[in-house]
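Right, one structure below, let's go through it.
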Amino acid sequence: MESGILNADTVVQWIERAAEVIEENEKTLTELDAAIGDSDHGANMARGFSAVRGKLAEFPRDDIGAILKMVGMTLLSTVGGASGPLYGTLFLEAAKISAGKPEIDRVVILQSLAAGLAGIQKRGKAEPLDKTMVDALGPAIRAFEGAEGVSLAEALAQAAEAARLGAEATIPLVARKGRASYLGERSAGHQDPGATSMWLLLQSLAEAGAE
Amino acid sequence: MESGILNADTVVQWIERAAEVIEENEKTLTELDAAIGDSDHGANMARGFSAVRGKLAEFPRDDIGAILKMVGMTLLSTVGGASGPLYGTLFLEAAKISAGKPEIDRVVILQSLAAGLAGIQKRGKAEPLDKTMVDALGPAIRAFEGAEGVSLAEALAQAAEAARLGAEATIPLVARKGRASYLGERSAGHQDPGATSMWLLLQSLAEAGAE
Amino acid sequence: MKKLLNAPSDLVKEALAGMALAHPGLLRVHVDPAFLVRADAPVRGKVAVLSGGGSGHEPLHGGFVGRGMLDAACPGAVFTSPTPDQILEATRAVDGGAGVVHIVKNYTGDVMNFEMAGELARDLGITTETVLVNDDVAVENSLYTAGRRGVGATVLVEKICGAAAEAGRALADVAALGRRVNEHGRSMGIALSPCTVPHAGKPSFELGPDEMEVGIGIHGEPGRRRAKLEPADRITEMLMHPILDDLPFQAGKDVLLFVNGLGATPLLELYVVFRKAHEIAAARGLRVVRSLVGPYITSLEMAGVSITLLQVDEEMVRYWDAPVHTAALRWGV
Amino acid sequence: MKKLLNAPSDLVKEALAGMALAHPGLLRVHVDPAFLVRADAPVRGKVAVLSGGGSGHEPLHGGFVGRGMLDAACPGAVFTSPTPDQILEATRAVDGGAGVVHIVKNYTGDVMNFEMAGELARDLGITTETVLVNDDVAVENSLYTAGRRGVGATVLVEKICGAAAEAGRALADVAALGRRVNEHGRSMGIALSPCTVPHAGKPSFELGPDEMEVGIGIHGEPGRRRAKLEPADRITEMLMHPILDDLPFQAGKDVLLFVNGLGATPLLELYVVFRKAHEIAAARGLRVVRSLVGPYITSLEMAGVSITLLQVDEEMVRYWDAPVHTAALRWGV
Ligand SMILES: Nc1ncnc2c1ncn2[C@@H]1O[C@H](COP(=O)(O)OP(=O)(O)O)[C@@H](O)[C@H]1O
Ligand SMILES: Nc1ncnc2c1ncn2[C@@H]1O[C@H](COP(=O)(O)OP(=O)(O)O)[C@@H](O)[C@H]1O
Ligand SMILES: [Mg+2]
Ligand SMILES: [Mg+2]
Ligand SMILES: [Mg+2]
Ligand SMILES: [Mg+2]
């Protein structure tokens with residue numbers, strides 16, 4: 001993907017890869033959620049992405065916006081919980097930016113991610129360091145934006161790495177949003193499940209973008 | 001007690017000793033009942049004998065029948081379960097034999113025990129080898145009856161020993177009466193709790209009779 | 001042992017005090033000896049219906065005291081049948097001159113204590129009739145054993161006898177109807193986990209992570225056999241087939257299907273079992289005309305389920321539907 | 001994991017099928033998306049009352065669907081809030097032209113999914129009002145957190161809103177009343193044991209044999225703090241004092257006292273807690289005019305208890321007493 005552009009096929013590969021990775025990590029995500037939540041994040045994400053995967057095979061590959069919209073709508077109607085509306089919003093907001101486009105460049109990718117983050121924050125009212133998925137997506141976007149002079153693949157890899165670090169950096173935080181906030185101080189010392197799944201999605205994007 | 005006679009004081013000592021022994025063995029009786037019943041025999045017997053003990057201190061010591069009747073009535077109204085009516089009946093039937101008597105000899109003791117056994121069997125319909133308290137009391141009575149040419153104390157000791165062996169001999173039996181019968185073949189391999197408490201009572205009697 | 005209690009010996013007494021405070025218009029509690037009666041007892045001229053047994057099966061029996069069901073309940077210690085004096089006093093407290101039906105689950109202890117109470121009541125000039133409940137198909141029925149246990153059908157007998165008594169039926173009729181319900185009802189249960197008798201302080205048996213007890217009673221005793229845990233549908237078959245074959249239930253008949261939680265079973269799971277039990281009953285040509293789903297005869301915090309099937313006639317259905325107002329079962333009022 | 005189920009992913013679906021079979025005259029089940037509505041929905045001209053949330057809290061919410069309470073319930077996966085399309089379709093199915101009240105427990109997921117459903121309903125021309133329930137005093141309430149959880153008061157809000165809607169009250173009135181109930185209700189809970197989410201397959205946390213979680217929610221999440229197990233009376237004080245101090249409840253007022261089992265708690269123990277809670281309330285000069293004791297908002301097979309205290313006014317009591325006919329709560333009909 002030295003082209004500096006993502007086409008619809010790559011987007012589909014990303015989502016397929018994401019579905020795989022989520023399935024592989026279902027247990028891990030659930031365990032993270034067991035520690036500071038209600039033990040369902042893995043099952044929620046797996047249910048959602050398995051539904052997405054079911055629709056993906058047949059889906060036309062000419063409009064990235066349409067693909068992302070389908071993903072968003074499917075997550076919205078199958079995931080539930082806090083993560084359903086948030087991931088749903090992420091993809092729906094990104095879909096608006098890439099509507100009608102068969103391929104997207106770095107600028108559009110950045111705009112899409114930023115629109116997704118804005119949507120998540122509007123819906124969920126989380127600020128950085130509230131110990132949520134925002135803490136993985138925010139740093140990833142800043143890394144992607146700052147990755148000048150490198151290939152798109154490399155920029156995506158740097159974004160994924162920033163997401164990983166962001167997710168890890170949630171460990172010492174005391175949650176102020178979502179279910180983990182009910183634990184108060186006891187939420188510290190555990191990695192946020194949503195930040196972790198966000199990292200997995202961005203990692204899948206980097207992997208798809210590298211092929 | 002070389003006299004060959006039990007007086008009311010000894011009967012009171014017996015019941016007090018029995019109350020102590022039951023309390024000491026509450027856990028054991030409950031554990032035996034847990035294996036083939038409902039884990040309450042220890043608590044049932046302890047509740048009953050603690051109520052008896054409460055009444056004993058103040059109780060007149062001139063009439064063995066009256067003492068035994070009080071014990072029977074108290075057990076009847078505090079033990080509950082299968083053992084309550086059965087032990088209640090044992091003491092009430094024995095009380096009839098010794099009514100008005102300040103002391104009783106071997107013949108009356110034998111009659112009392114036999115009347116108690118008959119009462120238990122009439123109430124509970126158990127035959128020997130049904131894996132119940134009958135399997136401790138029955139052999140004890142036969143041993144007591146057969147203990148000729150020995151002192152009363154020795155006869156009571158032989159009766160207690162026969163009760164112990166009778167209780168142990170319930171281990172291989174398949175229960176045909178009481179709650180243990182619901183287990184069918186699974187009841188084999190465990191000692192019957194009621195036969196065990198019966199042995200403890202007769203052992204206490206032997207100890208009181210030996211003093 | 002993790003329980004919400006103070007001293008184990010105060011558990012039943014304190015729970016009764018709680019019931020009295022929670023349901024003041026419905027029932028009254030007598031402390032020594034311990035029993036509960038409906039608030040307006042004795043009801044003049046009405047046959048009284050009384051039941052009792054060890055505690056730990058709540059809402060049975062105390063939760064079924066009230067208009068249209070039990071006039072009195074006698075709670076023993078946990079899993080220990082009540083004593084004759086308790087039963088006698090409760091019998092006296094509810095006798096309205098038309099006699100008292102004793103509904104007795106077939107356990108040696110219950111049978112003997114009720115028998116003695118009945119004899120004492122007779123001496124006082126109170127007529128009693130006993131309805132013995134013995135619906136558990138997991139237990140062999142034989143003259144040479146203690147016979148079958150009384151389990152789920154007890155709830156149905158209590159409801160239907162209570163309604164018949166409320167309707168003004170005579171002592172013999174109420175008792176006969178109760179016996180008919182018992183004769184047409186069959187039950188069986190399984191346990192996924194044991195329970196802990198407060199006084200004993202530890203579970204009555206141990207079960208491996210993939211084991212269950214089949215043919216369980218309601219007193220924490222082990223079941224007839226231990227088996228490997230199976231999916232809910234398979235377990236439901238394991239319970240329904242012996243039940244169906246026992247009466248036997250005949251195609252074309254109307255039935256009441258009662259899926260009972262033993263204590264810790266989530267309602268969600270009970271409905272999963274109900275669904276399959278209904279399907280099996282229908283496949284045998286039975287019409288499920290009435291249903292009951294929930295924890296009504298429990299075994300402390302045991303996880304598990306029992307199924308009761310009652311082949312109903314028109315009279316049973318009428319009395320089942322009649323108004324009832326108790327702490328645990330209420331409709332029509 | 002020992003549960004009566006087939007595949008974890010079929011649990012909710014199969015339980016709904018069971019409910020439909022068990023309560024045919026009472027409710028109807030819609031499969032995809034999943035929701036339950038009362039049998040006669042939509043009721044023309046009546047405000048509809050809808051609630052929903054993750055499954056695993058049964059009888060909440062499905063068990064409260066019926067005349068005088070909920071028109072619809074939307075069950076999510078276990079402990080997972082339902083999705084906007086589920087809520088939207090249920091809203092459409094029960095709208096009788098007078099608008100729909102959404103009763104939402106204050107969890108981020110529930111709030112967002114209901115919010116989106118409300119927006120979609122508005123686009124379709126259906127007016128909705130949201131009553132947010134957030135009664136858990138164990139959780140700090142702050143603008144900078146997710147706020148307090150909705151727990152026991154949910155049952156009371158659903159009953160009282162349902163009765164008001166049945167009585168023909170307008171949308172704004174029903175919603176305002178629901179908010180008033182929420183404002184005057186406070187709850188807190190403790191857990192003696194964890195629960196196991198079927199998909200997760202193992203308990204959400206581990207507790208030592210003498211430990212309990214204080215300030216527990218209803219989703220198997222750990223509580224605010226871990227403490228040593230205490231006698232029931234002491235635990236009841238630990239729950240009642242924060243509740244009483246929070247509103248604060250004032251001497252001379254009337255209250256409804258609701259002692260709720262979290263799943264595996266024997267009824268016997270709930271009444272022991274009720275007894276002490278009643279005593280504490282009385283000592284503060286409160287009059288307990290209504291009571292509810294039982295497992296109404298559960299957390300699968302968790303052992304534990306929550307207490308809810310509602311300061312009632314005449315209108316709330318009237319609607320509390322109004323007839324209700326649902327699978328889990330029924331009186332007056
Ligand atoms: N207000 C919020 N804003 C952003 N993310 C949130 C918010 N609330 C929760 N989350 C994310 O959702 C994750 C939990 O998702 P999930 O377990 O699927 O839902 P639920 O908490 O409803 O069970 C959390 O780990 C967190 O990252
Ligand atoms: N029919 C009977 N005849 C004689 N003894 C019996 C009979 N049924 C039960 N028992 C005795 O009672 C004992 C159990 O007593 P207990 O545990 O106190 O009562 P329950 O079985 O009602 O819980 C048994 O171990 C047995 O010895
Ligand atoms: Mg979660
Ligand atoms: Mg026993
Ligand atoms: Mg017993
Ligand atoms: Mg959740």
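Hydrogens, waters and symmetry mates are skipped; everything else that's a heavy atom, side chains included, is used. Computed from a prediction, not measured in an experiment: that's the story for all the values here. Within every chain, numbering begins at 1; the chains are lettered A, B, ... in the order of the sequence lines, protein sequences first and strands thereafter.
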Quiz prompt | More than 12 heavy atoms from other groups under 6.0 Å of NZ on B/Lys27 | solution = no

Within a 6.0 Å radius of atom CZ on C/Arg92, are there more than 12 heavy atoms belonging to other residues, nucleotides or ligands? no

Here the pair of heavy atoms bringing B/Ala82 nearest to C/Ser81 is N-OG, 4.4 Å

message: Any salt bridge linking B/Arg123 with C/Glu119? Criterion: basic side-chain nitrogen under 4.0 Å from a carboxylate oxygen.
response: yes

Notebook entry, point to check: Quick one: are B/Met73 and C/Asp85 in side-chain contact, heavy atoms under 4.5 Å?
Noted result: no

message: Using modelled atom types and a 3.5 Å cut-off, is there a donor and acceptor pairing between side-chain atoms of B/Arg186 and backbone atoms of C/Pro222?
response: no

Counting heavy-atom pairs under 4.5 Å with chain C, the top scorer among B/Ile36, B/Asp33, B/Leu183 is B/Leu183

Interatomic distance, CG@B/Asn44 vs CZ@C/Phe79, rounded to 0.5 Å, equals 12.0 Å

Under 4.5 Å to a heavy atom of chain C? For B/Ser39 that would be both

Chain B shares the most heavy-atom pairs under 4.5 Å, among C/Ala146, C/Pro203, C/Gly201, C/Gly217, with C/Ala146

Closest heavy-atom pair, C/Asn106 versus B/Tyr182, reported as atoms and distance to 0.1 Å, is O-OH, 3.0 Å

Comparing B/Ala43, B/Pro85, B/Ala34 against chain C, the one with the most heavy-atom pairs below 4.5 Å turns out to be B/Pro85

Note: vs chain B, highest number of non-hydrogen pairs under 4.5 angstrom among C/Ala200, C/Gly109, C/Ala138 is C/Gly109

dist B/Ser181:OG -> C/Arg148:CZ (nearest 0.5 Å) comes out at 12.5 Å

For residues 128-138 of chain B, the side chain to side chain donor-acceptor pair (under 3.5 Å) pairs (sequence neighbours left out) are B/Asp130-B/Arg176

Whatever's closer than 4.5 Å to a heavy atom in chain B on C/Glu213 counts as side chain

So, the part of B/Glu26 with a heavy atom under 4.5 Å from chain C: the answer is side chain

The interface call for B/Glu127 against chain C, heavy-atom contacts under 4.5 Å, is neither

Margin query: Any side-chain to backbone donor/acceptor pair from C/Asn113 onto B/Gly80? Under 3.5 Å, distance only.
Written below: no

Pair count under 4.5 Å, heavy atoms only, with chain B: among C/Asp110, C/Thr108, C/Asp136, C/Val78, highest is C/Thr108

Residue from C/Gly220, C/Gly53, C/Gly223, C/Cys195 scoring the most non-hydrogen pairs under 4.5 Å with chain B is C/Gly223

B/Asp38 and C/Val197 have their tightest heavy-atom pair at O-CG2, 3.6 Å

**Request:** Could you tell me whether the side chain of C/Arg149 reaches within less than 4.5 Å of the side chain of B/Arg179, counting heavy atoms only?
**Result:** no

Whatever's closer than 4.5 Å to a heavy atom in chain B on C/Phe205 counts as neither

Bottom line for C/Val111: the part with an atom under 4.5 Å from chain B's heavy atoms is neither

One should read off an interatomic distance between C/Arg224 CZ and B/Glu185 CD, to the nearest 0.5 angstrom, of 8.5 Å

CG of C/Asp32 to OG of B/Ser77, rounded to nearest 0.5 Å, is 8.5 Å

Step through the shown structure and confirm whether more than 12 heavy atoms of other residues, nucleotides or ligands are within 6.0 Å of NZ on B/Lys69.
no

Turns out that what part of B/Ala126 lies under 4.5 Å from chain C's heavy atoms comes down to neither

Check against side-chain contact (heavy atoms from CB on, under 4.5 Å), B/Leu76 and C/Met116:
CA-CA 10 Å; B/Leu76 210 54; C/Met116 296 182 97; 3.8 Å; yes

B/Thr89 and C/Met112: CA distance, side-chain angles, deciding distance, side-chain contact (heavy atoms from CB on, under 4.5 Å) verdict:
CA-CA 11 Å; B/Thr89 298; C/Met112 292 190 300; over 6 Å; no

Shortest non-hydrogen pair, C/Thr80 vs B/Gly81, comes out as CG2-N, 3.3 Å

